[in-house]
Amino acid sequence: MRPRNMNKDWKATARTLSQALPYLQRYSGAIVVVKFGGNAMGDADAMAEFARDIVLMRQVGLNPVVVHGGGPMINEMLAKLNIESRFVRGKRVTDQATVEVVEMVLTGLVNKRIVQAIMDEGGRAVGLSGKDDDLMVCEADDPELGFVGRPIEMNVQVLRDLFNAGIIPVVAPVATGMDPLETFNVNGDTAAGAIAGALKADRLLLLTDVAGVKNAEGEVMTELSPADIRRLTDEGIIAGGMIPKTETALKALQEGVRAVVIVDGRVSNACLLELFTEHGSGSMIRD
Ligand code: X2W
């Protein structure tokens with residue numbers, strides 16, 4: 001039997017849904033690329049919550065694409081194999097042995113874990129890497145980094161085909177080169193930016209484990225322009241691990257992405273908060 005007494009929580013749920021209507025209308029059919037970093041993956045509950053948010057986006061008519069990282073999982077496997085992990089300017093120095101481990105961990109363990117989590121929440125998901133259907137073709141980023149790729153050619157039709165079939169694409173940042181025997185390890189943020197740019201996505205959400213971009217006073221800035229980003233970078237206020245994210249954001253905007261949001265993935269339902277309420281959950285960068 002249906003419980004009849006209307007306690008406050010149920011009323012709040014109905015009100016929240018009602019208030020989301022303008023946002024649901026605004027984003028109907030929108031393409032949203034979500035970068036899900038290894039540090040944001042957390043435990044099984046965090047993974048399930050992320051997957052539920054993605055399935056909800058699809059259910060209400062958006063076209064989400066998940067592009068994932070998995071740096072900590074690669075580190076763990078390399079340690080088991082006694083292969084040293086070394087980073088230069090935030091990117092992994094990747095020799096032949098390392099690129100094989102990167103491909104196995106990202107396209108195997110991590111990709112399938114996310115695909116399964118989405119299916120467990122009732123969505124349809126298909127995992128692929130940059131190699132599938134030539135989605136992302138790379139050249140070497142920097143000789144010092146070995147097999148680290150910089151995307152030079154994108155073929156995103158496969159993603160549109162999956163959208164049309166109602167399937168959520170889950171992309172591992174591994175790619176081929178102009179020589180198809182080459183394998184490149186691509187930074188997850190870079191891959192997400194390139195995919196969002198090629199799709200001219202409505203939103204690129206970069207999920208991280210920090211609160212957002214901070215100003216000189218240490219306060220999170222909820223809205224920034226590309227000029228603000230350049231100024232804060234010149235002043236050394238944007239530094240360290242934030243630099244690849246803000247660089248990705250500027251490039252994605254240039255390529256036609258409407259807005260990029262650096263989202264605090266530690267906040268519950270961070271993606272929903274960002275898309276379907278007036279309160280964002282991080283820093284939005286747009287012209
Ligand atoms: C990354 C790919 C994974 C990644 C790596 O090897 O760790 C490069 O550094 P997170 O979890 O998003 O950091 N690739 C070139 O980006 O993972």
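Whatever order the structure lists ligands and atoms in, that order sets their numbers, starting from 1.
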Task: Derivation of the salt bridge (Lys or Arg N to Asp or Glu O under 4.0 Å) call for Arg231 and Asp228 - done: CA-CA 5 Å; Arg231 181 176 47 80; Asp228 293 331; 3.5 Å; yes
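- The residue from Ser85, Gly90, Gly71 that puts a heavy atom closest to atom 13 (O) of ligand 1 is Gly71.
- The only option from Val260, Thr246, Leu253 that meets the side-chain contact (heavy atoms from CB on, under 4.5 Å) definition with Pro226 turns out to be Leu253.
- Polar contact with ligand 1: absent for Asp189 (N/O pair, distance under 3.5 Å).
- Ligand 1 has no nitrogen or oxygen under 3.5 angstrom from a nitrogen or oxygen of Phe87.
- When each of Asn63, Val170, Leu128 is paired with Leu162, the side-chain contact (heavy atoms from CB on, under 4.5 Å) condition holds for Leu128 and for no other.
- Each of the following atoms of ligand 1 lies closer than 4.0 Å to a heavy atom of Lys35: 12 (O).
- Interface of Val148 with ligand 1, defined as ligand atoms under 4.0 Å from a residue heavy atom, comprises 15 (C).
- For the residue pair Asn187 and Arg92, no side-chain donor N or O sits within less than 3.5 Å of a side-chain acceptor on the partner.
- Close contacts between ligand 1 and Ile74 involve ligand atoms 5 (C), 6 (O), 7 (O) [criterion: under 4.0 Å to a heavy atom].
- When only non-hydrogen protein atoms are considered, atom 7 (O) of ligand 1 lies nearest to Arg92 NH2, 2.9 Å.
- Interface of Gly188 with ligand 1, defined as ligand atoms under 4.0 Å from a residue heavy atom, comprises 4 (C), 16 (O).
- Atom 11 (O) of ligand 1 has Gly38 N, 2.7 Å as its closest protein atom, hydrogens excluded (heavy atom only).
- Ring geometry for Phe36 versus Phe50: interplanar angle under 30°, hence parallel rather than tilted (30 to 60°).
- By the criterion of side-chain heavy atoms lying less than 4.5 angstrom apart, applied directly or through intervening Ile, Leu, Val, Met, Phe, Trp or Tyr residues, Val148 is not grouped with Ile195; the two fall into different hydrophobic clusters.
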TODO: Using the salt bridge (Lys or Arg N to Asp or Glu O under 4.0 Å) rule, take Lys131 and Glu103 through it: C-alpha gap first, then chi angles, then the decisive distance, then the call.
DONE: CA-CA 11 Å; Lys131 287 188 174 184; Glu103 184 169 29; 3.0 Å; yes
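- Closest protein heavy atom to atom 1 (C) of ligand 1: Asn185 OD1, 3.7 Å.
- Listed by atom number, the atoms of ligand 1 under 4.0 Å from Gly69 heavy atoms are 4 (C), 10 (P), 11 (O), 12 (O), 17 (O).
- Those atoms of ligand 1 that come under 4.0 Å of a heavy atom in Lys91, given as number and element, are 9 (O).
- When each of Met41, Met73, Lys35, Arg113 is checked for a side-chain contact (heavy atoms from CB on, under 4.5 Å) with His68, only Met41 meets the rule.
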